[in-house]
Amino acid sequence: MRIVLGVSGGIAAYKAVHLLRLLREEGHQVDVVPTRAALEFVGRPTWEAISGRAVTTDVFESVDEVRHVRLGQEADLVVVAPATADLLARARTGMADDLLTSTLLAAEAPTVLVPAMHTEMWRHPATVDNVAALRDRGVDVVEPASGRLTGADSGPGRLPEPEEIHAHLRPLLDGGDAVDGPIYAYAPLAGTFYAPHPDAQPALAGRRVVVTAGGTREALDPVRYLGNRSSGRQGVALAEAALAAGAQVHLIAGIVETELPAAGPRLSLEHVESARELQQAVAAQAPSADVLLMAAAVADFRPADYAAAKIKKTDDVDAPTITLTRNPDILAETVRARAARGGPTVIVGFAAETGDDATDPLELAQAKLLRKGCELLVLNRVGEGLVFGQDSTEIHVLASFGVQGVLGDVEPAHVVGTKREAADAVVDRASRLLAASGGRF
Ligand SMILES: Cc1cc2nc3c(=O)[nH]c(=O)nc-3n(C[C@H](O)[C@H](O)[C@H](O)COP(=O)(O)O)c2cc1C
């Protein structure tokens, strides 16, 4: 594998020598690209002797080789260890004022930055902001270790030991791409996913997820309504899965038969009854959401007329006829509104299909996905004694053409298990898409 090992100017540059040795022992070709400051800590002869390759720092050295783009273009993996606060800032802004930052800009390979700095620098809002922006863009910024720093002080900011960095790179060195676990490490151009550092933030940290759950009731008169069998269990499981993935969650609950999780600092609750109330709640919440999970079973039709007083039974008249009218298509409407006014980057629709002798539910779901224009559609096959009110379920997660490439090996998903397992699979895919989108598709 061709690896670029960037080294920036921190005291921990000496540890990168051992990392270089570990990579070389495995037979990788490693081009070391130190910054000018890094050479103050470890000199060029050390890097050249151990890598067995010429080492340059400036874009105007070895110009005939066009190293400022070639190194990045040809790399299978780019690792910067240590990554200084300064390097993170330059990488975030897309500067290309030396060979290392030019290489980062030209690289199409997975990029792993391993920061090391004093705790104050790591916690400074500028660094926090730079790290968040880089992660949003798909760069794997590893959490620094905690421990003794350069002076007598200690705290987070230490470069992890070379063996630990090497272990973190393992899936990439093995040529693996899609691995289980929360993902925000994504190489946008190479189209590969890889596992983040175990200490990394959960996949949806800092993201806002809106979930709709349960059924709707469409009133006929003050006493009677048309409803459906949705219990709300799948929606609640989705809210719990999103919370577990670190998101800020807003749960819009229709009629549910299950206990709702308690509201808290990361969970807010809202109750609605009819499809039109749900429509208003979604319209209010969607613009500020990153992900919208539309698990509520929304009535397609409602009584055309609402009787303000209870409809009376009169012995001399036949039973009344109920005329229905269509409810708004909240999913399609939200997708359309997003194009005009912005809204969730990832919209996930749900389809409960019974299928029939002539039609396969998967075909119905594919058609629905095309019609609605959302990124993902979750199909569950429903019927007597199937899914509704049960703890177990069987789902297919279908991805629109626009995002199939992004999901790569993990698509399509077919989950048979508990509703929470299904919810985890949906949330996992939504967060992969969000991580890959850089804001929108
Ligand atoms: C002794 C010493 C140790 C340093 N250690 C670090 C460090 O661990 N992390 C860091 O971000 N900056 C550290 N710096 C500051 C950087 O060297 C400085 O910001 C430099 O401009 C970084 O350049 P570079 O990002 O191009 O390598 C240190 C400076 C000195 C003099």
Side-chain angles (χ1 to χ4, degrees), residues 1-118 121 139 141-142 144 149-151 157-166 168-169 172-173:
M1 183 176 255
R2 289 175 175 213
I3 300 172
V4 167
L5 174 60
V7 184
S8 52
I11 203 100
Y14 73 93
K15 290 190 184 174
V17 177
H18 187 48
L19 177 62
L20 169 61
R21 203 180 266 290
L22 292 172
L23 295 171
R24 289 287 296 136
E25 278 167 6
E26 277 190 334
H28 301 295
Q29 173 186 309
V30 186
D31 278 296
V32 181
V33 184
T35 61
R36 272 180 290 276
L39 292 180
E40 298 283 339
F41 295 89
V42 179
R44 196 188 300 252
T46 305
W47 302 120
E48 290 192 336
I50 300 180
S51 69
R53 300 186 56 86
V55 166
T56 53
T57 292
D58 197 281
V59 288
F60 296 107
E61 293 173 84
S62 310
V63 173
D64 56 323
E65 295 175 24
V66 207
R67 284 168 77 85
H68 71 289
V69 285
R70 276 258 310 280
L71 283 175
Q73 282 171 339
E74 291 175 359
D76 301 309
L77 171 63
V78 179
V79 188
V80 182
T84 56
D86 173 72
L87 190 277
L88 295 175
R90 290 191 291 135
R92 186 257 167 98
T93 52
M95 286 176 73
D97 54 348
D98 63 9
L99 186 59
L100 179 53
T101 46
S102 304
T103 302
L104 289 174
L105 277 186
E108 299 196 349
T111 300
V112 182
L113 305 183
V114 196
M117 65 199 71
H118 269 84
M121 294 173 85
V139 175
V141 184
V142 175
L149 302 169
T150 312
R158 230 176 110 83
L159 190 78
E161 294 310 308
E163 289 79 5
E164 290 178 79
I165 301 173
H166 189 236
H168 178 73
L169 301 176
L172 295 165
L173 297 171

S.K.: Considering all heavy atoms of both residues, which atom of Met121 and which atom of Ala85 are nearest to each other, and what is their separation?
M.R.: CE-CB, 3.7 Å

S.K.: Run the side chain to side chain contact (heavy atoms under 4.5 Å, CB included) test on Leu159 and Ile165 for me, step by step, so that the C-alpha distance in whole Å, both residues' side-chain angles and the decisive distance to 0.1 Å come before the verdict.
M.R.: CA-CA 9 Å; Leu159 190 78; Ile165 301 173; 4.0 Å; yes

S.K.: I would like to know whether Met117 and Leu88 meet side chain to side chain contact (heavy atoms under 4.5 Å, CB included); could you show each step before the answer?
M.R.: CA-CA 11 Å; Met117 65 199 71; Leu88 295 175; 3.7 Å; yes

S.K.: Return the OG1 to CG distance between Thr46 and Leu39, rounded to the nearest 0.5 Å.
M.R.: 9.5 Å

S.K.: According to salt bridge (Lys or Arg N to Asp or Glu O under 4.0 Å), who are the partners of Arg90, at least two apart in sequence or on a separate chain?
M.R.: Asp86, Asp97, Asp98

S.K.: Can you list every salt bridge (Lys or Arg N to Asp or Glu O under 4.0 Å) pair that touches residues 4-25, not counting sequence neighbours?
M.R.: Lys15-Glu161

S.K.: Do you know the tightest heavy-atom contact between Ala54 and Arg67?
M.R.: O-NH2, 3.3 Å

S.K.: Please list, chain by chain and in numerical order, all residues satisfying side-chain contact (heavy atoms from CB on, under 4.5 Å) with Thr93, sequence neighbours excluded.
M.R.: Met95

S.K.: State whether the side chain of Thr84 and the backbone N or O of Gly9 hold a donor-acceptor pair below 3.5 Å, judged by distance alone.
M.R.: no

S.K.: How many angstroms lie between OG1 in Thr103 and CG in Asp31, if you round to the nearest 0.5 Å?
M.R.: 9.0 Å

S.K.: Side-chain contact test, heavy atoms from C-beta onward, threshold under 4.5 Å: evaluate it for Leu172 versus Val112 and give yes or no.
M.R.: yes

S.K.: Taking Trp47 for the side chain and Leu20 for the main chain, is one N or O donor matched with an acceptor at less than 3.5 Å?
M.R.: no

S.K.: Rounded to the nearest 0.5 Å, what separates atom CG in Leu77 from atom OG1 in Thr111?
M.R.: 8.0 Å

S.K.: Closer than 3.5 angstrom, by distance alone: can the side chain of Thr57 be matched with the main-chain N or O of Pro34 as a donor-acceptor pair?
M.R.: yes

S.K.: In chain order, what residues pass the side-chain contact (heavy atoms from CB on, under 4.5 Å) check against Ala96, with sequence neighbours excluded?
M.R.: Ser102, Leu105

S.K.: For Ser51 versus Val32, what's the shortest heavy-atom pair and its separation?
M.R.: CB-CG2, 4.0 Å

S.K.: Under 3.5 Å, is there a donor-acceptor pair between the side chain of Ser8 and the main chain of Pro82?
M.R.: yes

S.K.: Side chain to side chain contact (heavy atoms under 4.5 Å, CB included), that's the test. Do Val42 and Val7 meet it? Break it down for me.
M.R.: CA-CA 10 Å; Val42 179; Val7 184; over 6 Å; no

S.K.: To the nearest 0.5 Å, how far apart are NE2 in His68 and CD in Gln73?
M.R.: 9.0 Å

S.K.: With side chain to side chain contact (heavy atoms under 4.5 Å, CB included) as the criterion, how do Ile3 and Leu169 come out once you've worked through the C-alpha distance, each side chain's angles and the decisive distance to 0.1 Å?
M.R.: CA-CA 11 Å; Ile3 300 172; Leu169 301 176; over 6 Å; no

S.K.: What pair of heavy atoms forms the shortest contact from Gly6 to Leu100, and how long is it?
M.R.: CA-CD1, 3.6 Å

S.K.: Of all residues at least two apart in sequence or in a different chain, which pass the side-chain contact (heavy atoms from CB on, under 4.5 Å) check with Asp76?
M.R.: Met1, Arg2

S.K.: Would a 4.5 Å heavy-atom cut-off, applied to side chains only, mark Leu23 and Leu173 as touching?
M.R.: yes

S.K.: For the CG atom of Leu71 and the CD atom of Glu65, what is their distance to the nearest 0.5 Å?
M.R.: 8.0 Å

S.K.: Among residues two or more places apart or on two chains, list those pairs meeting salt bridge (Lys or Arg N to Asp or Glu O under 4.0 Å) that have a residue in residues 39-51.
M.R.: Arg44-Glu61

S.K.: If I take atom CZ from residue Arg92 and atom OG1 from residue Thr101, how far apart are they, to the nearest 0.5 angstrom?
M.R.: 15.5 Å

S.K.: Do you know which two heavy atoms are closest between Leu5 and Ala16, and how far apart they sit?
M.R.: CD2-O, 3.9 Å

